[in-house]
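No experiment lies behind these values; they were computed from the predicted model shown.
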Amino acid sequence: MRFLSIYCLLSGCLLLSCGNADERKTKPAPAVVAADTVDTSSAPPSEIAKVVLSDTLLLPNGVVMRLEPISESEFDTAPSVLQLEGYAGLDQVPSDELENRRILPESATVNRQGRTLTLTALSSATKLVSDPAGSCGVDYYFMTSLPQIHQWLIERWEACEDRSYVLVDQQTGKQSILTGYPIVFPKNQYIACGTNDFSGNGNFACELWKSTAAKPPKLLWHRELNEGVASLRWENDSTLLLEQEWIDPSNSDGSMATRYVRLRLP
């Protein structure tokens, strides 16, 4: 009887050991997460939104500029940029009648003949030819003259890239393609612009150009952002204010969130 008890005890231990071995074989191994991967699947939506916001801009020369949060009232107290007739920042191609009214004050140097827009600079004539039937159909529309920086402003519509802007130098005819509608620095030495493209291209960026009386504008930097730039204002001679928008993950309806930031130029 004692021998039978010992036998049963040993058999039970052996079965238990085998069962544990089988469990170890079938139990899935823990997932390996890369060190640079951030898992936001279980994070609150508000935390996810914080992860994607930009708080600095790194310039090509290594200088880091901070995007300082400000209030909407601080943004509103800065001088606003006067927009042109018929321009409200909307994705709307100007009518022929509107463009004719814009050209009229500049008719001595600006002319439209069919699809060709001619701008006569001091040294040469620049012809911008619309080609709406091309693979990435493009159309040019005259907007205004910016005599304080010796430039003409042209609206450029391209099927592949949506809308951009072109500055044509009134002295040399050289073209500078901007990512967004430009605002001119109070002392005319800088031109700033930004883009707020939610059409699917995801083109969110801010640019700063250097303007001089003797030369065409020079691009100082172009930086991609995680948020769109809805509008820009100058606070003073060395400070830019941005109104930014992004799709807020914490909003179930996918609506936009807005913030206002200050950018102090180095």
Inset, instruction - Would you check, one step at a time, whether the test side chain to side chain contact (heavy atoms under 4.5 Å, CB included) holds for Leu128 with Thr116? - result: CA-CA 6 Å; Leu128 301 175; Thr116 302; over 6 Å; no
Inset, instruction - Would you please test Thr77 and Glu235 for side chain to side chain donor-acceptor pair (under 3.5 Å) and show each step? - result: CA-CA 9 Å; Thr77 55; Glu235 185 176 42; over 6 Å; no
Legend entry - side chain to side chain contact (heavy atoms under 4.5 Å, CB included) evaluation trace for Tyr165 with Leu153: CA-CA 7 Å; Tyr165 298 86; Leu153 179 61; 4.0 Å; yes
Inset, instruction - For Gln189 and Thr212, run side chain to side chain contact (heavy atoms under 4.5 Å, CB included): C-alpha distance rounded to whole Å, both residues' side-chain angles, the deciding distance at 0.1 Å, then the answer. - result: CA-CA 6 Å; Gln189 67 265 47; Thr212 62; over 6 Å; no
Inset, instruction - Go through the steps to decide whether Leu178 and Trp209 satisfy the test side chain to side chain contact (heavy atoms under 4.5 Å, CB included), and finish with yes or no. - result: CA-CA 9 Å; Leu178 310 180; Trp209 295 71; 3.2 Å; yes
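Leu208 and Val261 fall within the same hydrophobic cluster, where Ile, Leu, Val, Met, Phe, Trp and Tyr residues are linked whenever their side-chain heavy atoms come under 4.5 Å apart, directly or through other members. The cluster map of Ile, Leu, Val, Met, Phe, Trp and Tyr, joined by side-chain heavy atoms under 4.5 Å apart, puts Val229 and Tyr190 in the same cluster. Under a hydrophobic-cluster definition in which Ile, Leu, Val, Met, Phe, Trp and Tyr are linked whenever side-chain heavy atoms come within less than 4.5 Å, directly or via other members, Trp221 and Leu232 are assigned to the same cluster. The cluster map of Ile, Leu, Val, Met, Phe, Trp and Tyr, joined by side-chain heavy atoms under 4.5 Å apart, puts Leu219 and Tyr181 in the same cluster. Val63 and Leu220 fall within a single hydrophobic cluster, where Ile, Leu, Val, Met, Phe, Trp and Tyr are joined by side-chain heavy atoms under 4.5 Å apart, directly or via other members.
At least one side-chain heavy atom of Glu245 sits less than 4.5 Å from a side-chain heavy atom of Asn196. Using a 4.5 Å heavy-atom threshold, the side chains of Val110 and Trp152 count as touching. Counting heavy atoms from C-beta outward, Ile183 and Trp234 have side chains that approach closer than 4.5 Å. In this structure, Ile154 and Val168 have side chains that are in contact, with non-hydrogen atoms separated by less than 4.5 Å. Contact annotation: the side chain of Leu167 approaches that of Pro217 to within less than 4.5 Å [non-hydrogen atoms, C-beta and beyond]. Side-chain contact between Trp157 and Arg163 is present, with heavy atoms from C-beta onward closer than 4.5 Å.
Using modelled atom types, one finds no donor on one side chain facing an acceptor on the other under 3.5 Å when comparing Ser211 with Gln151. Side-chain contact check for His150 and Gln148: no donor-acceptor pair (N or O, by modelled atom type) lies under 3.5 Å.
The neighbour count for Lys210 NZ, taken as heavy atoms of other residues, nucleotides or ligands under 6.0 Å away, is above 12.
Under the rule for a salt bridge (charged side-chain N to carboxylate O under 4.0 Å, His left out), Lys218 has no partner lying at least two apart in sequence or in another chain. In this structure Glu207 satisfies the salt bridge (charged side-chain N to carboxylate O under 4.0 Å, His left out) test with no other residue, sequence neighbours excluded.
Using modelled atom types, no side-chain atom of Thr109 and backbone atom of Leu119 make a donor-acceptor pair closer than 3.5 Å. The closest donor-acceptor contact from the side chain of Arg223 to the backbone of Ala205 lies at 3.5 Å or more, if one exists at all. Looking only at distances, a side-chain donor or acceptor of Ser107 sits under 3.5 Å from a matching main-chain atom of Leu104. Using modelled atom types, no side-chain atom of Thr56 and backbone atom of Met65 make a donor-acceptor pair closer than 3.5 Å. Counting only distance, with no hydrogens or angles, the side chain of Ser231 and the backbone of Glu243 share no donor-acceptor pair below 3.5 Å.
Note: Ser95 OG to Asn100 CG = 8.5 Å, rounded to the nearest 0.5 Å. Taking CG of Leu57 as the reference point, atom CG of Leu225 lies at 5.5 Å (rounded to 0.5 Å). Atom-to-atom distance recorded for Glu155:CD and Phe142:CZ is 12.0 Å, nearest 0.5 angstrom. For the atom pair Arg233 CZ and Asp76 CG, the distance stands at 5.5 Å (nearest 0.5 Å). Atoms CZ and OG, from Arg156 and Ser130 in turn, are 10.0 Å apart once rounded to the nearest 0.5 Å. To the nearest 0.5 Å, atoms CG (Leu242) and CG (Leu263) are separated by 6.0 Å.
Leu58 and Val64 make their closest contact through CD1-CG2, 3.6 Å (heavy atoms, listed as atom of the first residue, atom of the second, distance). Residue Cys206 comes nearest to Leu240 through the heavy atom pair SG-CD2, 4.5 Å, listed as atom of the first residue, atom of the second, then distance. The nearest pair of heavy atoms linking Lys127 to Thr118 is NZ-OG1, 3.4 Å. When all heavy atoms are compared, the tightest approach of Cys193 to Gly180 is CB-O, 3.4 Å.
Sorted by first and then second residue, the pairs that involve residues 57-77 and meet ring-ring contact (aromatic ring centres under 6.0 Å, His included), not counting sequence neighbours, are Phe75-Tyr260. Pairs passing the salt bridge (charged side-chain N to carboxylate O under 4.0 Å, His left out) check and including a residue from residues 62-74, sequence neighbours excluded, read Glu68-Arg262, Glu68-Arg264, Glu74-Arg262. Listed by first then second residue, pairs satisfying salt bridge (charged side-chain N to carboxylate O under 4.0 Å, His left out) with a partner in residues 169-195 read Lys187-Asp237, not counting sequence neighbours. The list of salt bridge (charged side-chain N to carboxylate O under 4.0 Å, His left out) pairs with a residue in residues 107-123, not counting sequence neighbours, reads Glu99-Arg112.
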